[in-house]
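These values consider heavy atoms only, across backbone and side chains, with no hydrogens, waters or symmetry-generated copies.
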Amino acid sequence: MTTAGDIMHRGAQWIPAHETLDRAAQLMRELNVGALPISDENERLCGILTDRDIVVGCVAMGHDPAKVTAGEMAKGTPRWIEADADVDDVLAEMRTHQIRRLPVIDDKRLVGMISEADLAQHLTDEQIAAFAESVYARSASG
């Protein structure tokens with residue numbers, strides 16, 4: 001059985017909810033990633049911040065990224081998966097919620113992230129095609 005832990009990108013890092021978006025952008029640059037999980041004061045997942053969120057939700061709205069926090073950008077219910085979850089559960093979670101990045105948790109700690117690139121490297125062509133069809137078909141029509 002292939003698990004989330006088998007296909008995830010290790011070394012994911014939180015951005016604390018109180019950190020500003022300019023610091024988040026710097027961390028994204030340092031880590032060469034386009035998204036960071038946001039943690040609350042108890043290191044619990046409270047959202048995911050993307051580079052697009054910073055640009056569209058802050059900069060394009062005329063706000064100062066040095067004054068807006070990651071926590072202010074956290075919206076909705078964050079989705080995640082346990083490290084020992086089967087890859088079919090990973091795909092179901094990503095399909096159902098139409099998400100392209102999924103934090104991986106083990107013993108309540110962030111241990112990795114799964115992105116579309118990780119899926120492409122570890123899944124069969126059939127699994128990738130089914131995932132792409134389910135995620136992109138619905139988002140393109142709505």
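Within the 3.5 Å criterion, the main-chain N or O of P16 finds no donor-acceptor partner in the side chain of E19.
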Worksheet item: What's the verdict on side-chain contact (heavy atoms from CB on, under 4.5 Å) for M8 and D118, showing C-alpha distance, side-chain angles and the deciding distance?
Response: CA-CA 6 Å; M8 72 182 182; D118 299 313; 5.7 Å; no
Discussion item. Test side-chain contact (heavy atoms from CB on, under 4.5 Å) on I128 and E116; report intermediate values, then the result.
Written reply: CA-CA 9 Å; I128 294 167; E116 293 172 310; over 6 Å; no
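Under the 4.5 Å side-chain heavy-atom criterion for Ile, Leu, Val, Met, Phe, Trp and Tyr, V111 and L45 are members of distinct hydrophobic clusters. In the hydrophobic cluster analysis, where Ile, Leu, Val, Met, Phe, Trp and Tyr join through side-chain heavy atoms closer than 4.5 angstrom, I105 is grouped apart from I81. Cluster membership for I48 and I15, using ILVMFWY side-chain heavy atoms within less than 4.5 angstrom, is not shared. Under the 4.5 Å side-chain heavy-atom criterion for grouping Ile, Leu, Val, Met, Phe, Trp and Tyr, M113 is not connected to M94 through any hydrophobic cluster. Taken together through direct or relayed side-chain contacts under 4.5 Å among Ile, Leu, Val, Met, Phe, Trp and Tyr, I54 and L27 form part of one hydrophobic cluster.
L91 is listed as a side-chain neighbour of L123, based on a closest heavy-atom distance under 4.5 Å. No side-chain heavy atom of D86 sits under 4.5 Å from any side-chain heavy atom of T2. Side-chain contact between R79 and L102 is present, with heavy atoms from C-beta onward closer than 4.5 Å. In this structure the side chain of H122 never reaches within 4.5 angstrom of the side chain of V87, judged on heavy atoms. V59 places a side-chain heavy atom less than 4.5 Å from the side chain of P65.
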Compile the donor-acceptor pairs under 3.5 Å between side chains in residues 28-43 and protein atoms, sequence neighbours left out, one pair per line.
from, atom 1, to, atom 2, distance (Å)
E30, OE2, R23, NH1, 3.4
D40, OD1, N42, N, 2.8
D40, OD1, E43, N, 3.2
D40, OD1, R44, N, 2.9
E43, OE1, R109, NH1, 2.8
E43, OE1, R109, NH2, 3.0

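Distance check: D107 CG to E82 CD gives 8.5 Å after rounding to the nearest 0.5 Å.
Within the structure, the side-chain hydrogen bond (donor to acceptor under 3.5 Å, both in side chains) test picks out the following pairs touching residues 51-70 (sequence neighbours left out): T50-D53, T69-E72.
Closest approach of V68 and C58 over heavy atoms only: CG2-SG, 3.9 Å. Counting all heavy atoms, side chain and backbone alike, V56 lies closest to A60 at O-CB, 3.7 Å. Scanning all heavy atoms of the two residues, the minimum distance from V90 to A4 falls at CG2-CB, 3.6 Å. Here the closest heavy-atom approach between residue A74 and residue C46 is recorded as CB-O, 3.5 Å. Between A70 and L49 the shortest heavy-atom distance is CB-CD2, 4.2 Å.
Side-chain contacts under 4.5 Å among hydrophobic residues (ILVMFWY), followed directly or transitively, place M61 with no other residue at all.
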